S.K.: 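Next up is a structure, given as structure tokens.
Heavy-atom basis, side chains included; hydrogens, waters and symmetry copies ignored. Chain identifiers are assigned alphabetically (A, B, ...) following the order of the sequence lines, protein sequences preceding nucleic acid strands; residue numbering begins at 1 within each chain. Just so it is clear, the structure is predicted and the values come from calculations on it, not from any experiment.
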Number of protein chains: 2
Amino acid sequence: MSKRQNIALKPIEEVLTFWDILTHDERHFIQNAYSVLHFKKNEVIQSEGDTPTHLMILASGKVKVYKAGFSSRPQIVRLLKPGEHFGYRAIIANELNSTTAIAFEATTIYTISADNFLSILRHNNAFCYRFLEELAFDLAESDARTVNLTQKHIRGRLAGALLFLVQNYGLEEDGATISIYLAREDLANLSNMTTSNAIRTLASFANEEIITVDGRKIKIIDAEKLRKISKLG
Amino acid sequence: MSKRQNIALKPIEEVLTFWDILTHDERHFIQNAYSVLHFKKNEVIQSEGDTPTHLMILASGKVKVYKAGFSSRPQIVRLLKPGEHFGYRAIIANELNSTTAIAFEATTIYTISADNFLSILRHNNAFCYRFLEELAFDLAESDARTVNLTQKHIRGRLAGALLFLVQNYGLEEDGATISIYLAREDLANLSNMTTSNAIRTLASFANEEIITVDGRKIKIIDAEKLRKISKLG
DNA sequence: GTAAATTTGTGTTTTATAACATAGTTCTTA
DNA sequence: TAAGAACTATGTTATAAAACACAAATTTAC
């Protein structure tokens, strides 16, 4: 992990989506027990195979979570935005980290130690249930991704990835530009294809006037068509 | 769902792996609130897209859980054995069923209604935590499957599937025969390939004396080699 | 116990996508 | 602001696996 700094930072009670379900005592406890970590662009936050030590909550920035593949092609399994948690699955399952997390951009993270996290899980049922819901949701997503990536053709996979980005990060004020700028390589690692093919297919989409591309900025022109391509492989 | 019958049946307190963490009252409650369902070979137990109604616990038999693919090729995501639960993810996430479950063979299932299940989840922290653990474990499995299926070549995928079957259902008394007899098509749906390719690849493995095949009975001869193939794609 | 249906097996052709090669372009950083 | 590194782009070739076609074997149903 990384050194600390001190930049303007949203207070923990505004970042944690589960703040409302904590008891008075727990809030107090956490306010004294959390840490803040800062990561620069492309810094590794946690590594696949490491012992998990903390629940992490993204305060600002963007994080990609991936599994190292065999063929030197990592598979991105989650993209995180502020307010979202990670690093806790392995704590609960009592396993080593199954994924690596990297900061896409300068990122600030609140951390709560595994012991403290487990202690609250064990004592606050609503808290436990909240994480149960989250994992239940993520599991369906993961299974759906398996089918998406194994059964669709390249165009369908890339279209699906673009729609996922829209859903996940939303659009800019123009109502069209996807609010995250990914390298072609990341786009490829999200949709299980080579970088060349991500580039090529993106160019096709632009040619067909489904999107426009300006460097890493992608504007959605015809979302309906994109959805169709995503569905029909 | 299906009609009831009355065959010799393990009592619920012996089937439920979470019996020990229920309170006296909850045990009492469940003993009056469960139902038993019987399914014949190939009967559908629940369908993708349906509203989830019950937590299901497999008392006897074998069940496959899969997602319907696009290309008419379903993807098997879990294979269940007695004692294992299913059908509860969608209840927790408050979604429709994301998978279909089918009985592989004559199967008996204990069911507990969604309301009752949720009520215990909400009141018994240890119970909630047990399911949290289960989902945490399943999520890593699902992510790992994504990478397995997208990045390995056919031989690696099939080798992985065979090892999975061994791990999941174990071996017969001879210490070599896998304790589940799957159709080639199911083997294919487990490892993301066409049936022809499952047949062909299985034949190659037999040729290379890594396994022997007798109808649907598969004997593992060289587990080490199988592991190697699974790893190196 | 025979017909029909399903499953298994094998050969051939086609195709989607990876791999490779190379060049232009844009970002870093010294 | 120049030099190098990283990223984007595009053409060509190679190949893994699907698609198709059909035959043999086995299971199921009547």
S.K.: Could you state the CG-C1' distance from B:N197 to C:dT13, rounded to the nearest angstrom?
M.R.: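 Rounded to the whole Å, the gap is 14 Å.
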S.K.: Kindly point out which of D:dA19, D:dA18, D:dC7 is positioned nearest to the side chain of B:R200?
M.R.: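 The answer is D:dA19.
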S.K.: Between B:R73 (CZ) and D:dA17 (C1'), how many Å, whole number?
M.R.: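 After rounding, the reported distance stands at 9 Å.
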S.K.: Is there a side-chain contact between B:N189 and B:Y66 (heavy atoms, below 4.5 Å)?
M.R.: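 Of all side-chain heavy-atom pairs linking B:Y66 with B:N189, none is under 4.5 Å.
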S.K.: Between B:E185 (CD) and D:dA18 (C1'), how many Å, whole number?
M.R.: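 Result: 15 Å.
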S.K.: Does the side chain of B:T146 pick up a donor-acceptor pair with the side chain of A:T146 at under 3.5 Å?
M.R.: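 Per modelled atom types, B:T146 and A:T146 side chains form a pair under 3.5 Å.
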S.K.: When you get a sec, tell me which of C:dA18, D:dC7, D:dA17 is the closest nucleotide to the side chain of B:H153?
M.R.: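 For B:H153, the side-chain atoms sit closest to D:dA17.
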S.K.: Mind calculating the distance between CD (B:Q151) and P (C:dT17) to the nearest angstrom?
M.R.: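 Computing the B:Q151:CD to C:dT17:P distance gives 15 Å.
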S.K.: Using a heavy-atom cut-off of 4.0 Å across all strands, would you classify A:S196 as base, sugar-phosphate, or nothing?
M.R.: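 The residue A:S196 makes base contact.
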S.K.: Calculate the interatomic distance between B:L187 atom CG and C:dT8 atom P; express it in whole Å.
M.R.: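 Whole-Å distance recorded here is 9 Å.
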S.K.: Just by distance, no angles: are the side chains of A:N168 and A:R78 close enough, under 3.5 Å, to form a donor-acceptor pair?
M.R.: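 No.
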S.K.: D:dA17 P sits how many Å from B:N192 CG, rounded?
M.R.: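 Interatomic distance, CG of B:N192 to P of D:dA17: 10 Å.
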S.K.: So if I take every side-chain heavy atom of B:I199 and compare against D:dA16, C:dT10, D:dA9, which nucleotide ends up nearest?
M.R.: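 For B:I199, the side-chain atoms sit closest to C:dT10.
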S.K.: What nucleotide, of C:dA18, C:dC20, D:dC7, holds the atom closest to the side chain of A:I154?
M.R.: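 Per side-chain heavy atoms of A:I154, the pick is C:dA18.
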S.K.: The side chain of B:T194 lies closest to which of these nucleotides: D:dA18, D:dT28, D:dA16?
M.R.: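 For B:T194, the side-chain atoms sit closest to D:dA18.
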S.K.: Identify which nucleotide among D:dC7, D:dC20, D:dT10 has an atom closest to any side-chain atom of A:A203, counting heavy atoms from C-beta outward.
M.R.: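 Nearest to the side-chain atoms of A:A203, counting from C-beta on, is D:dT10.
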S.K.: Please report the distance, rounded to the nearest Å, between CG in A:N42 and P in D:dA5.
M.R.: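 After rounding, the gap between these two atoms is 17 Å.
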S.K.: Return the value, rounded to whole Å, for the distance between atom NZ of B:K41 and atom P of C:dT6.
M.R.: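 Nearest whole value for this atom pair: 13 Å.
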S.K.: Report the C-alpha separation of B:E172 and B:K219 in whole Å, then their side-chain angles, then the decisive distance to 0.1 Å, and conclude whether the salt bridge (Lys or Arg N to Asp or Glu O under 4.0 Å) test is met.
M.R.: CA-CA 9 Å; B:E172 295 184 352; B:K219 230 186 234 186; over 6 Å; no
S.K.: Ignoring the backbone of B:A183, work out which of D:dT8, C:dC20, C:dT8 is nearest its side chain.
M.R.: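 Comparing D:dT8, C:dC20, C:dT8 against the side chain of B:A183, the answer is C:dT8.
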S.K.: Where the side chain of B:R157 is concerned, which of C:dT10, D:dA17, C:dA18 is the nearest nucleotide?
M.R.: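 Among the listed nucleotides, the one closest to the side chain of B:R157 is D:dA17.
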S.K.: I need the minimum non-hydrogen distance between A:I45 and A:A103, along with the two atoms involved.
M.R.: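 For A:I45 and A:A103, the tightest heavy-atom pair comes out as CD1-N, 3.8 Å.
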S.K.: With respect to the phosphate group of D:dT8, does any side-chain polar atom (N or O) of A:R216 fall under 4.0 Å of OP1 or OP2?
M.R.: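 The answer is yes; a side-chain N or O of A:R216 sits under 4.0 Å from OP1 or OP2.
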